[in-house]
Amino acid sequence: MDELVEEMPNMASLTVSSSQSWKIMVVKGEEGITLEDGWEKFRDDNNLAPGEVLLFCYSGNWKFDVEIFSPDGCSRKLEDTEEEDI
């Protein structure tokens, strides 16, 4: 994790199983790294709900594949959409 923080850019890319991507601003603070501008759109576009768990898999260059799990532990499959936010 230390090498990630040292190389930290201002933006990260989050991609879900539908291959849709979002650019999210990342900010390093005293308590760690937070996702800011763009996070709300990611949350809303994916209909995230309380109790769901996100698994972030780092694929290099501040790109993350994100898998969403429902509260029962099952992976949520997201439908492809025509619009992509890159």
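Just the heavy atoms: all of them, side chains too, but no hydrogens, waters or symmetry mates, feed the values below. Just so you know, residue 1 is the first one in the sequence shown, and it goes up from there.
For the residue pair Lys23 and Ser13, the shortest heavy atom distance occurs at NZ-CB, 4.1 Å. Considering every non-hydrogen atom in both Glu36 and Ile24, the closest pair reads N-CG2, 4.1 Å. Residues Arg76 and Glu52 approach most closely at NH1-OE2, 2.5 Å, considering heavy atoms.
Taking hydrophobic clusters as Ile, Leu, Val, Met, Phe, Trp and Tyr residues chained together by side-chain heavy-atom distances below 4.5 Å, Leu54 shares a cluster with Ile33. Taking hydrophobic clusters as Ile, Leu, Val, Met, Phe, Trp and Tyr residues chained together by side-chain heavy-atom distances below 4.5 Å, Val16 shares a cluster with Tyr58.
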*Mind running side-chain contact (heavy atoms from CB on, under 4.5 Å) on Val26 and Thr34 for me, showing each step along the way?*
CA-CA 6 Å; Val26 291; Thr34 58; over 6 Å; no
_Checking Trp39 against Leu14 for the side-chain contact (heavy atoms from CB on, under 4.5 Å) test, could you report, in this order, the C-alpha distance in whole Å, the side-chain angles of both residues, the deciding distance, and whether it holds?_
CA-CA 10 Å; Trp39 172 254; Leu14 306 182; 4.1 Å; yes
*asked:* Please evaluate residues Phe42 and Leu48 with respect to the criterion side-chain contact (heavy atoms from CB on, under 4.5 Å), reporting the C-alpha separation (whole Å), side-chain torsions for both, the decisive distance (0.1 Å), and the verdict.
replied: CA-CA 9 Å; Phe42 176 85; Leu48 297 181; 4.0 Å; yes
*Might you work through the side-chain contact (heavy atoms from CB on, under 4.5 Å) test for Ile68 and Asn46, ending with a clear yes or no?*
CA-CA 9 Å; Ile68 302 171; Asn46 289 289; 3.9 Å; yes
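Thr15 contributes no side-chain N or O that, together with a main-chain N or O of Ser19, makes up a donor-acceptor pair within less than 3.5 Å.
The closest side-chain heavy-atom distance from Lys41 to Trp22 is below 4.5 Å.
Ring planes of Phe56 and Phe64: perpendicular class, angle over 60° (limits at 30 and 60°).
Checking Glu67 against Ser75 by side-chain atom types alone, a donor-acceptor pair falls below 3.5 Å.
Within a 6.0 Å radius of CG in Asp44, more than 12 heavy atoms belonging to other residues, nucleotides or ligands are found.
Annotation: the span from Asn10 atom CG to Lys28 atom NZ amounts to 13.0 Å, rounded to 0.5 Å.
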